[in-house]
Amino acid sequence: MNTFSIAIHGGAGTLVKGMMTPELEAKYRAALKSALTTGYELLEQGGTAVDAVERAVQILEDSPLFNAGKGAVFTATETHEMDASIMDGKTLNAGAVSLITGIKNPVSLARDVMEKSEHVFLAGEGAMAFAKDLNYALEDTSYFYDELRHQQWLDLKDTDTFQLDHSTKKDSKFGTVGAVACDKDGNIAAATSTGGMTNKKWGRVGDSPMIGAGNYAHNKTCAISCTGSGEFFIRGVVAYDVACLIEHKQMSLEAAAKEVIHTRVAEIGGDGGLIAVDAKGNIAMPFNTEGMYRASRSSEGTETIAIYK
Ligand code: ASP
């Protein structure tokens, strides 16, 4: 049997001193642990990597702590526009949605695009029409309301500032969520989900739903989910770049992931991190920010739940 493993993230960034209390930290750890354990147990019972990453991301989307699903940040027009993607490393099938509203679990809509449509990427009204055809229930805006998120938006409202952040102005914390997994058969998958940036406008879309930028999986190389300054992650084609270093330069998962985050992304001015697995169950979780909400578990017996370096 192949070593199986899962890694998840709840965003990378910097925390303003004093913002993190022991109580809040305990809540973050508990949410990470719950998503990690559920995903891991699914793999343990013989579930596929695709099932595990979807389930883990759903749990993070259901938590108000992260900038995805329930905790999605406010746009410039006081709405929520969410993006998500999923990729199956065995078949290279992929699904993605962007600018969707009212959907409780955007990652599941992305999976439905992958499995129930001929397409890879649906956006805005079209994605919503697809969801309607599949009888998705729409949550009321109150489901996505969070006082902290609303305050963050009020601080930026009517300005041209947008923020890759779900905390105060000086803080820069990316709350996107993601999961990567390697199952018992040695198949890998990746999923990513986000509310994007506070006060974003003009239909801004980040890297999270873009296959190759914020999310990628190929059994031959790796499965990757990113978090960070989306504009830079798009320019750096970050997730695919890690795969390229493994494929063309024969780098290890760990070395390739570090090279991309610490050298290549940093060189173009981007900050953030990523989680990665390969088909042997290896895990890497590099970031070039102060912290990244992250957790991982492998059938070899290792488990990590961490926020700071
Ligand atoms: N990468 C996401 C975006 O640019 C933000 C994040 O990671 O929190 O939309």
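Residue numbers start at 1 and run along the sequence shown. First listed ligand is number 1; within each ligand, the first listed atom is number 1.
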Any side-chain heavy-atom pair from Glu231 and Met197 closer than 4.5 angstrom?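 They are in side-chain contact.
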
Do Asp185 and Lys90 make a side-chain contact, defined as non-hydrogen atoms from C-beta onward lying under 4.5 Å apart?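 They are not in side-chain contact.
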
Does Tyr143 share a hydrophobic cluster with Val97, counting links as ILVMFWY side-chain heavy atoms below 4.5 Å and allowing steps through other members?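 Tyr143 clusters together with Val97.
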
Any Gly228 heavy atom less than 4.0 Å from ligand 1: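 The answer is yes: ligand 1 sits under 4.0 Å from a heavy atom of Gly228.
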
Take every heavy atom of Arg204, measure it against each atom of ligand 1, and state whether any distance is under 4.0 Å.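 Yes, that is the case, since the closest heavy atom of the residue is under 4.0 Å from the ligand.
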
For ligand 1, which atoms sit closer than 4.0 Å to a heavy atom of [X]?
X	result
Asp207	1 (N), 2 (C), 3 (C), 4 (O)
Gly196	9 (O)
Thr227	6 (C), 7 (O), 8 (O)
Ser208	1 (N), 2 (C)
Gly175	8 (O)

Using distance alone, determine whether Thr176 and ligand 1 share an N or O pair under 3.5 Å.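 Indeed, backbone or side chain, Thr176 has an N or O that close.
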
Less than 3.5 Å between some nitrogen or oxygen of Cys226 and one of ligand 1, yes or no?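 No, no N or O pair falls under 3.5 Å.
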
Taking it one step at a time, do Ser108 and Glu54 satisfy side chain to side chain donor-acceptor pair (under 3.5 Å)? CA-CA 7 Å; Ser108 299; Glu54 182 192 15; 2.8 Å; yes

Could you go through Gln151 and Asp155, starting from their C-alpha distance and side-chain angles, then the distance that decides it, and tell me whether this counts as side chain to side chain donor-acceptor pair (under 3.5 Å)? CA-CA 6 Å; Gln151 189 54 51; Asp155 289 347; 3.2 Å; yes

What do the steps show when you test Arg111 against Asp88 for salt bridge (Lys or Arg N to Asp or Glu O under 4.0 Å), and what is the final call? CA-CA 10 Å; Arg111 183 168 182 180; Asp88 179 349; over 6 Å; no

Pairwise salt bridge (Lys or Arg N to Asp or Glu O under 4.0 Å) hits with a residue in residues 235-244, at least two apart: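 Every salt bridge (Lys or Arg N to Asp or Glu O under 4.0 Å) pair that includes a residue of residues 235-244, provided the two are not neighbours, is Asp241-Arg264.
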
Per-residue contact class, Met210 against ligand 1 - non-hydrogen pairs under 4.0 Å: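 Neither part.
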
